[in-house]
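Below is one structure, written out as structure tokens; the observations come after it.
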Amino acid sequence: MSFDLQDIPLDSAASAAIADQGLEYRLLDPGNRGALAAWVEADMRGFHHSRPRKSDAAHQLRILSDRRVLGVYDPKAADTETPVATVSGWPTGLTVPGGRSVDAWAVSSVTVSATHRRRGIARALMEGALADARAAGAALAMLTVTEATIYGRYGYAPAAQAATITVDRHRVRWIGPASPGRLELVEPAVLRDDAAAIVRRAVARTPGEVDRWPGLLDRVLGLVEPDRDSARATRVVRYDDEQGQPQGFVTYRIAREPDEPGILEFEFLVAATDDAERELWRFLVEQDFVTGVRGRLRSVDEPLAWLLEDPRAITVSDVVDHLWVRVLDPVAALSARVYGATGTLTLEIADPGGHADGTFELEVAGNGRGELRRVDDATSGPRAAASPAAPSTRRSRRPSQGIRLGVQELGAIYLGGVRPSVLARAGRMTELAPGSLALADRMFAAERTPHLSIWF
Ligand SMILES: CC(C)(COP(=O)(O)OP(=O)(O)OC[C@H]1O[C@@H](n2cnc3c(N)ncnc32)[C@H](O)[C@@H]1OP(=O)(O)O)[C@@H](O)C(=O)NCCC(=O)NCCS
């Protein structure tokens, strides 16, 4: 996707819904630093954060230069320059099973001021964001969420989970193989360029990871506000392979009281190879003078339990529905990924939002590549095609295998994190012929459990 984010016109339906409230929907000019700074303040307030420090605000303005930034303004407010609602969006790739990156649209900074809540402003912004995503040609929209009850109504569903992993240091005895490379403790600033390259390769290994981390590396490496206590405590270790090529790193901090052993907290363990992943885990769990090791936003399917003699040294907690996906263009989305089994499957997709509605045929060849074709009349949608007044010739030759599902269920199974048969057991999907769910389970399976290791 290459275009100017400013060229997408303001969604007229969202503008009208907001104007009905006596408010104004605005696209912010990336050159207007004053307006952007007020927007950042509103975003921080919306998430109940403190006001940003100068260096943090400057960092956020840099990040926003790559985003489409929208605000809602109240002309009757005492401060008409600070928005009463915020949202931002930007194009980014999402890794799908098989390692390709699909064009996606990330949505973030969804806030509505407590003085203006529950009047439909968030709904207008979310529908506007989907219109922006479509205008940008994205196959899907995605977000990470504070609450799991907000976004289903717009067609999003949890597609990749994350968890907190805690390891009891005293129970650790490593039984995994030794890795052939070496570890180096490096200063965060030294790692910056290598880190970006490692991240790019690591992201391509895991469905659910996103490929643009605007400004995130500077933040996790503690380079945004280097004088902050948390930045000064940040340590970085890098794994280099036998050829001396950097293949992974982890950023961590050890919190401790005087004279007491500490707790090692890590934010990012990023590995482009299995060797790097194992060796970085080993480095973390074999630290001396710590009682435990804790990492957030880790995969629910880490290999760690198989690397320790005592798998009960590990506690998995706070399993969350971390990445939410909303399919907009089923053909682009489903044709991008690789499937776990060959076959032909009809998908009857219902989308109340009108973006992904239709009947499609998914055909997967021997190499796992899938091709999705619309098999109803694109203008009529599945319900119209099913009506006697609008018969479809393709539908009268219905293939024997197929499933009927909503757009949320499609988002849930897209990356392979949820089996279609589980959604069928929950009454959220039906099969068109016996055996279709078993086939769908095999086809939608992914080679690796989807995982997203960041917030955006
Ligand atoms: C969440 C938030 C954006 C909602 O804004 P809002 O303008 O009050 O929402 P709307 O009036 O447009 O409500 C739209 C729908 O969402 C529902 N809804 C709103 N907030 C909700 C919440 N926190 N939990 C569950 N449902 C919610 C409404 O009931 C309404 O439902 P309906 O479509 O069935 O009628 C706002 O409360 C907020 O800023 N929260 C703090 C920041 C935050 O958590 N943002 C989410 C980031 S992931």
Side-chain angles (χ1 to χ4, degrees), residues 10-26 38-52 60 63-64 67-74 76-77 79 82-90 92 94 104-133 140-162 208 210 214 216 296-297 318 320-326 350-355 406-408 411-412 452-456:
L10 265 189
D11 178 50
S12 55
S15 289
I18 288 166
D20 278 352
Q21 301 278 333
L23 306 171
E24 195 193 332
Y25 184 41
R26 274 189 222 156
W39 186 97
V40 168
E41 292 271 351
D43 181 21
M44 301 292 277
R45 187 177 64 194
F47 281 107
H48 312 316
H49 294 315
S50 311
R51 291 176 185 82
Q60 296 211 35
I63 290 177
L64 292 181
R67 294 188 183 183
R68 185 169 159 86
V69 182
L70 296 138
V72 175
Y73 294 82
D74 185 345
K76 295 206 179 94
D79 170 9
T82 300
V84 297
T86 60
V87 68
S88 68
W90 67 100
T92 182
L94 167 70
W105 184 262
V107 179
S108 187
S109 298
V110 180
T111 74
V112 175
S113 164
T115 51
H116 288 69
R117 64 198 279 279
R118 306 301 184 269
R119 303 182 195 174
I121 296 176
R123 171 171 286 282
L125 293 181
M126 292 313 298
E127 288 173 354
L130 293 181
D132 288 352
L140 55 90
M142 59 188 186
L143 32 73
T144 51
V145 309
T146 53
E147 293 180 81
T149 47
I150 302 176
Y151 296 104
R153 55 176 56 76
Y154 309 113
Y156 292 86
Q161 295 178 309
V210 301
L216 185 80
R296 296 199 166 79
L297 294 188
D318 302 330
V320 285
D321 47 73
H322 186 48
L323 174 71
W324 288 60
V325 162
R326 201 282 183 219
D351 179 1
H355 299 287
V407 68
Q408 274 191 275
L452 173 66
S453 56
I454 60 166
W455 284 98
F456 61 81

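Every number for a ligand or one of its atoms is a count from 1 in the order of the listing. Count residues from 1 along the sequence.
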Without swapping roles, check the side chain of [X] against the backbone of [Y] for a donor-acceptor pair under 3.5 Å.
X	Y	result
Arg153	Thr149	yes
Thr144	Phe456	yes
Gln408	Gly155	no
Thr86	Ser109	yes
His322	Ile454	yes

Contact atoms of ligand 1, heavy-atom distance to Arg117 under 4.0 Å: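 The atoms of ligand 1 under 4.0 Å from a heavy atom of Arg117 are 8 (O).
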Atoms of ligand 1, numbered as shown, that sit under 4.0 Å from any heavy atom of Tyr151: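 Listed by number with element: 46 (C), 47 (C), 48 (S).
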Do we see a donor-acceptor contact under 3.5 Å between the side chains of Ser108 and Ser88? no
Residue pair Ser15 / Tyr25: nearest heavy atoms and the distance that separates them: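 Taking every non-hydrogen atom into account, OG-CD2, 3.3 Å.
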May I ask you to identify, for Tyr154, whether its side chain, its backbone, both or neither come under 4.0 Å of ligand 1 on a heavy-atom basis?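 Only the side chain of Tyr154 comes within reach of ligand 1.
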So, is [X] polar-close to ligand 1, with some N/O to N/O distance under 3.5 Å?
X	result
Gly120	yes
Thr149	yes
Val110	yes
Glu147	yes
Ala122	yes
Arg118	yes
His48	no
Arg119	yes
Gly46	no
Arg123	yes

Starting from [atom], what is the nearest protein heavy atom, named by residue and atom, and what distance separates them?
atom	answer
atom 15 (C) of ligand 1	Arg153 NE, 3.5 Å
atom 1 (C) of ligand 1	Ile150 CD1, 3.6 Å
atom 39 (O) of ligand 1	Val112 N, 2.8 Å
atom 44 (O) of ligand 1	Thr146 OG1, 2.9 Å

Are there protein heavy-atom neighbours of [atom] below 4.0 Å?
atom	value
atom 6 (P) of ligand 1	yes
atom 35 (O) of ligand 1	no
atom 26 (N) of ligand 1	yes

Quick test of your reading of the model: are Arg45 and Glu41 salt-bridged, counting only N-O distances below 4.0 Å?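 The answer is no: the pair does not qualify as a salt bridge.
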Under 4.0 Å between a side-chain nitrogen and a carboxylate oxygen: does that hold for Asp20 and Arg119?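 No, Asp20 and Arg119 are not salt-bridged.
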Option passing side chain to side chain contact (heavy atoms under 4.5 Å, CB included) with Asp74 (candidates His116, Glu24, Gln21): His116
What's the spacing between Tyr156 OH and Leu140 CG if we round to 0.5 Å? 9.5 Å
Would you call Trp105 and Arg68 a side-chain contact if the rule is heavy atoms closer than 4.5 Å?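 Heavy-atom side-chain distance check passes, below 4.5 Å.
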